[in-house]
There are 2 protein chains.
Amino acid sequence: MKKNTTTMSNIELDRKTERFIARCRANGLKVTPQRIAIYRGLVDTDEHPSAEMLHEKVKKVFPGISLDTVNRTLLTLSEIGAASVVEGSGDARRFDGDSEKHQHFKCVQCKRIVDFHHKAFDRIKVPVGIARRFTILSKSVYLEGICDLCRRR
Amino acid sequence: MKKNTTTMSNIELDRKTERFIARCRANGLKVTPQRIAIYRGLVDTDEHPSAEMLHEKVKKVFPGISLDTVNRTLLTLSEIGAASVVEGSGDARRFDGDSEKHQHFKCVQCKRIVDFHHKAFDRIKVPVGIARRFTILSKSVYLEGICDLCRRR
DNA sequence: TTTGTAAATAGGAGTAGCTACTATATAGTA
DNA sequence: TACTATATAGTAGCTACTCCTATTTACAAA
Ligand SMILES: [Mn+2]
Ligand SMILES: [Mn+2]
Ligand SMILES: [Zn+2]
Ligand SMILES: [Zn+2]
């Protein structure tokens, strides 16, 4: 029995692909077979792949594709809203010596991490289904965006 | 005027250092001058430094210290609860092709990212002070822990 | 249909941020 | 003071990008 990693029917995948192509054109991007293959590879899984993982997957239908193309394309997809980067991932590990309850905002441009504290966010309740299935070690409300310093430029 | 990156008085820093030393002993860790210097460098800033940033800082008072020691020590501090790793940071960039509102749980061991959806988490309200100061591009409730697959081992 | 061109890709080199390895040094102890 | 498990310095190796350049291609214009 083979592991099933797809998440939708071919009909739905094709429909999404059509809308993706329209989105590319709306954003002035060329519709290349590589781009389509990467989009289809990403949208048809819930594994939150890295570029490397997706590269392996797409190579099966597009053997010559380069890792750089996969990386660049995934960032392009994120820019036009056809994909997104999972929160926090992709940067150097950052440490915190403050043990008080607090939350973080991270600037996607300069990578600055700013503390804030909103008491309501200390008390978020993890759904029972999740708490039963996983051992929760940390729960956080996490914001990303452009910081004040980067904005005034 | 020099940029001030310290966050507390020397008295408070010394008090925290004493408690840190006690915590090391309680965990059977040797109290080395490197460890103390790294702890003090981390706890006395709110910049959420990377190992590299902290290495530069600690070198000023401890010129010979190696980057590897800083890295290892920071992970050790996290293990005994004297520090923490900022949520999500430190791993390869991960992508998501699912545009429906949902939340993520990440296993700190196998790095698996699992979707879940709790409607209440879609509606979290960013404090006005933060929303005014920064341009918020994404807000998320983010969980970390040990997943079901890793736990049964 | 053919042609021109800006955009995209392949392949490879370069870089950042760890991570593993090994010889040396040292904190804690007996 | 001597012992030894632990920690560190220095370095090599590795992963995940990121940059560079020559070549190709999508698509618009003729
Ligand atoms: Mn913080
Ligand atoms: Mn997801
Ligand atoms: Zn910024
Ligand atoms: Zn796991």
Side-chain angles (χ1 to χ4, degrees), chain A residues 20-39 41 48-59 61-80 82 85-86 88-95 108-111 113, chain B residues 17 20-39 41 48-59 61-80 82-83 85-86 88-95 108-111 113:
Chain A
F20 170 66
I21 289 172
R23 194 191 279 258
C24 283
R25 297 207 205 280
N27 285 275
L29 296 180
K30 289 181 175 174
V31 178
T32 66
Q34 290 93 333
R35 231 165 228 171
I36 292 173
I38 292 164
Y39 175 78
H48 306 88
S50 64
E52 166 65 28
M53 289 157 76
L54 214 34
H55 185 221
E56 286 308 313
K57 183 177 178 183
V58 172
K59 267 202 290 193
V61 299
F62 215 115
I65 198 164
S66 75
L67 175 59
D68 183 53
T69 293
V70 176
N71 247 312
R72 255 184 312 99
T73 300
L74 287 168
L75 292 175
T76 304
L77 298 197
S78 304
E79 274 163 22
I80 65 171
V85 177
V86 174
S89 67
D91 288 307
R93 196 157 41 205
R94 301 281 287 271
F95 295 92
V108 296
Q109 221 159 89
C110 69
K111 313 302 182 193
I113 295 171
Chain B
T17 303
F20 170 66
I21 289 172
R23 194 191 279 258
C24 283
R25 296 207 205 281
N27 285 275
L29 296 181
K30 291 182 174 173
V31 178
T32 65
Q34 290 92 334
R35 230 163 228 174
I36 292 174
I38 291 163
Y39 175 78
H48 307 87
S50 64
E52 167 65 27
M53 287 157 76
L54 213 35
H55 184 222
E56 287 306 316
K57 182 177 177 181
V58 173
K59 267 202 289 193
V61 299
F62 215 115
I65 198 165
S66 76
L67 175 59
D68 183 55
T69 294
V70 176
N71 248 313
R72 253 185 313 98
T73 301
L74 286 168
L75 292 175
T76 303
L77 298 198
S78 304
E79 274 162 23
I80 65 171
V85 177
V86 173
S89 67
D91 287 309
R93 197 159 37 207
R94 301 282 286 272
F95 295 91
V108 296
Q109 221 160 89
C110 68
K111 312 301 181 194
I113 294 171

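As a basis for the values below, the full set of heavy atoms in this structure was taken, side chains included, without hydrogen atoms, waters or symmetry mates. First the proteins, then the strands, lettered A, B, ... as listed; each starts at 1.
- Qualifying side-chain contact (heavy atoms from CB on, under 4.5 Å) partners for B:V86, counting only residues two or more places apart in sequence or in other chains: A:R94, A:D96, A:H104, A:I113, B:H48, B:S89.
- Annotation: the terminal axes of the helix from C:dT1-D:dA30 to C:dA30-D:dT1 meet at 30°, where each axis is the rotation carrying the C1' atoms of four end pairs onto the next four (5 pairs per end, rounded to 10°).
- Under the ring-ring contact (aromatic ring centres under 6.0 Å, His included) criterion, B:F20 pairs with B:Y39, sequence neighbours left out.
- Nucleotides of DNA chain D with any atom under 4.0 Å from a heavy atom of chain B span, from 5' to 3', D:dA5 to D:dT18.
- B:V31 and B:C24 make their closest contact through CG2-CB, 4.0 Å (heavy atoms, listed as atom of the first residue, atom of the second, distance).
- The salt bridge (charged side-chain N to carboxylate O under 4.0 Å, His left out) search around B:E56 returns B:K59, not counting sequence neighbours.
- Of all non-hydrogen atoms in A:A51 and A:L74, the two that sit nearest each other are CA-CD1, 3.9 Å.
- Applying the salt bridge (charged side-chain N to carboxylate O under 4.0 Å, His left out) rule to pairs touching residues 24-36 of chain B yields nothing, sequence neighbours excluded.
- Residues satisfying the side-chain hydrogen bond (donor to acceptor under 3.5 Å, both in side chains) criterion with B:S66, sequence neighbours excluded, are B:T69.
- Using a 4.0 Å heavy-atom distance criterion, B:P63 is classed as making no nucleic acid contact.
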If a protein heavy atom is under 4.0 Å from the base, mark B; if only from the sugar-phosphate, S; if neither, -; do that for nucleotides 6-12 of chain C going 5' to 3'. BBSBBB-

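- Within 4.0 Å (heavy atoms only), A:R94 reaches no atom of the nucleic acid at all.
- Among residues two or more places apart in sequence or in another chain, the salt bridge (charged side-chain N to carboxylate O under 4.0 Å, His left out) test is passed with B:D68 by B:R72.
- Two residues are said to be in side-chain contact when any heavy atoms from C-beta on lie closer than 4.5 Å; B:I65 and B:I38 meet this criterion.
- Both B:V31 and B:L75 lie close to DNA chain C; mapped to their nearest nucleotides by heavy-atom distance, the more 5′-ward contact belongs to B:L75.
- Partners of A:F95 under the ring-ring contact (aromatic ring centres under 6.0 Å, His included) rule, at least two apart in sequence or in another chain, do not exist in this structure.
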